Amino acid sequence: MMEITEGSHAVAEAVRLCRPQVIAAYPITPQTHIVEALADMVANCKLDADYITVDSEFSALSACLGASAAGSRTYSATTSQGLALMFEVCFNVAGMRLPIVMSITNRALGAPLSIWNDQQDSISLRDSGWIQFYAEDNQEATDLHIIAYRVAEDFSILLPAFVCFDGFILSHTYEPIDILSQEDVDKFLPKFTPYQRLDAADPISFGMYATPDYYLEFRYETDCALKRAKGVIQKVGKEFGTMFGRDYSALVEGYRLDDAETAIVAMGSICGTVKDAIDEMRDAGKKVGLLKIRVFRPFPDDEIAQALSKVQRVAVLDKDISLGSKGAVALEVRDALYKTGIPVKGYILGLGGRDVRKKDIKEIVSLVEKGIGDQFFGLRKELL
Amino acid sequence: MALAIGCRAKPGKSRDNKTGSWRVFKPIFNHEKCSQCGLCQTICPEGCIHEEEEGFLNPDYTYCKGCGLCSEECPSEAIEMKQEEK
Amino acid sequence: MVDKAIELFDCGHRACGGCGAALAARLVMKGAGKNTIVVSATGCMEVFSTPYPETAWKVPWIHSLFENASAVASGIEASLKMQGREEKVVIMAGDGATFDIGMICISGAFERGHDFTYICYDNEAYMNTGIQRSGATPYDASTTTSPSGSCSFGNKLPKKDMPQILAAHGAPYVATASIAYPADLMQKIEKAVRTKGPCYVQVHAPCCTGWGFEGEQTIAIAKLAIETGLWVNYEMVDGKVSKVKKVVRKPVEEYLKTQKRFRHLFKPTRQDAEIAHIQSIADKNAEKYGIDIKLKKE
């Protein structure tokens, strides 16, 4: 059913439809509207879940870890500093192979303190073993939560998943969104069945430590599982499309890319701005296209190489920076294209909520055409 | 043996580690002095002292580390620690 | 009911010979019973009992991190409740995980009132990492981060009163126990597990390696701690102290001189002022809890 609703509320609805049994979350801007909405649902018997009002994000994810191991579908949401506080637990959840789903309303990391959007928070957790989805709009953010549970809980995967959507830009924006019915979601996402659980009738030790004789193989297996998730996302995303008309089988999605000479690669809500800029550039005769990365982990390297095989140059937009190096997305896209020899330039932009406008995208295209890149974009020179 | 997903295991596997090899002193149980009070069994950190027929207690030398706690605490002085011969 | 015969902590674990914590694990499980899910914090007990795949636990067991055991337990309890399951949740954590790094998670979990039992096996320092001081380390104990030296008598800070802190959170049942009194310990665990809400039992578990004594002395030393008044066994039901273990007190010196961590109080020269200060700690304990058995003068 189409509703004009705020992104956070639509996501909370999607989470409700997934029937999590335990929710543990700690409020942080701009995630609050999601967890407030869920608390309200629990308080009004619209969601049969135990909602734990924890003392910190660290406890939030730790409680989800325990609940998941005990055999419940669990949910949390956070952003920025909260995600940073969860850092240790994030690695733990993935290594323990617990299929927790968590929303990330992407926000900058301090210092300096900033409540505004970029993607430094989740990007910084890229090595943790979580599947990472990035949504362009709120319809996608909503649908991806339902897909994330299916993928995470697949017995061939058993890994946690972030569903990332840009803080404020999406989380606080009203858009018309198709909210699925409970009946439909129940058909797509079966009742939670844990692969194994803490159970006195069948005791298992969870979270043992590994000596050097075993650790390397455990890391290898977790990496294999995360890479296997590609295929499961494709399968599950397609099934979602067949059932509800919105196909999420592609890990990357091209826009006017077929005959493009210049490709822009981006993640998240910025893709909407890029598409508008491309339309205008196309009208002016420039052959520009977009490759949107929807799934950053597992990293779709082959898919990117294939999608960009015919372009002459690539501009990667990073709302993050691996300080002392480059944007994380640019580094990985360049790696994916290494064999092709196609030049890749990275642009660090939009950090801490700085607006990125259509004219900025056009300027980046002219920069990459001149071979200028691997730099911050949009700096206020008068401050430096 | 294939790895268990998520570094998990079912009970029983610690028994593969035969800690009796650590022993330097060996407790010798004198059943004539033993009052069968069971204190040694209760306080053994290994849980490797078992009641056998007629209520007498004996350590499982496969796991006994020879710490001597049983000998020290036995109210009947029925457990003597002897140098392990290897 | 305590089932003395049940063994839920298996042989083959890698604790030192004479380990107080290993004995505590065995006894706690006898008190808790097999319908229990154990949550361990990172620490000596976790490490000596679970190198993959050699688990010593015969009950469902989980370890996540050093500081989050009570948050993990909160989630487990919530999950069990939602599933309508009856298992009991028992946390096993050392004093470092409890007194120091786990405090925020513990405070949150006790405030929320989850139905679990938190057991701190207290060996009074970070033993797993090599005997560094914790908030549970007693005054003047020499540890690797509070070493005695030419201008130091060791740890200058008092032991934190965790039972009181958790009682102040509204815990319905708080108790202290010692591996030297197994029957009492098992009964307290059984009572804590049976009591609804967040309960706390702090178990004195001497560490032969960390304190510097031979493994066969573990129980004797734990007993001396009680007999000198440096450790007091009691219960707190709804915050009210009861069932205090009374003793005919011995001078603290008898306890201190058994352990290398206090050796600097006697060698090379006897430190009367320091020993007197520790005696005053025991005297305060005795007064606060009323542990002294008054003998009739002959």
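All of these numbers come straight from a predicted model, not from anything done at the bench. Below, read A as the first sequence line, B as the second, and so on, with proteins coming before strands; counting in each chain starts at 1.
- In this structure, the side chain of C:T42 engages the main chain of C:F66 through a donor-acceptor pair within 3.5 Å.
- Residue contact with chain C, scored on non-hydrogen atoms closer than 4.5 Å, involves the side chain of B:E73 exclusively.
- Options B:T19, B:L39, B:I43 differ in how many heavy-atom pairs under 4.5 Å they form with chain C, and the most are formed by B:I43.
- Side-chain contact annotation: C:E54 with B:N17, donor-acceptor N/O pair under 3.5 Å absent.
- In this structure, the portion of B:K65 lying under 4.5 Å from any heavy atom of chain C is its side chain and not its backbone.
- Chain C forms the most heavy-atom pairs under 4.5 Å with one residue out of B:C64, B:G68, B:G47, B:S71, and that residue is B:G47.
- For chain C, the option among B:G38, B:C7, B:G12, B:C48 with the highest count of heavy-atom pairs below 4.5 Å is B:C7.
- Within the 4.5 angstrom heavy-atom criterion, only side-chain atoms of C:L27, from C-beta onward, approach chain B.
- Not a single donor-acceptor pair under 3.5 Å links the side chain of C:Y255 to the backbone N or O of C:I226.
- Distance alone, capped at 3.5 Å, is enough to place a donor-acceptor pair between the B:Y63 side chain and the B:R15 backbone.
- Looking at C:T50, C:T36, C:D10, C:L8 one by one, the single match for side-chain contact (heavy atoms from CB on, under 4.5 Å) with C:W57 turns out to be C:T50.
- One side chain, C:W61 or C:S40, offers a donor N or O that lies under 3.5 Å from an acceptor on the other.
- Heavy atoms of B:C70 lying under 4.5 Å from chain C are absent altogether.
- Using a 4.5 Å cut-off between heavy atoms, C:A24 makes no contact with chain B at all.
- Contact count versus chain C (heavy atoms, under 4.5 Å) is highest, among B:A4, B:P45, B:G66, B:C67, for B:P45.
- Interface summary for chain B: among C:C11, C:P53, C:G215, C:G18, the most heavy-atom pairs under 4.5 angstrom belong to C:C11.
- A donor-acceptor pair under 3.5 Å is absent between the side-chain atoms of C:T258 and the main chain of C:I221, judged by distance alone.
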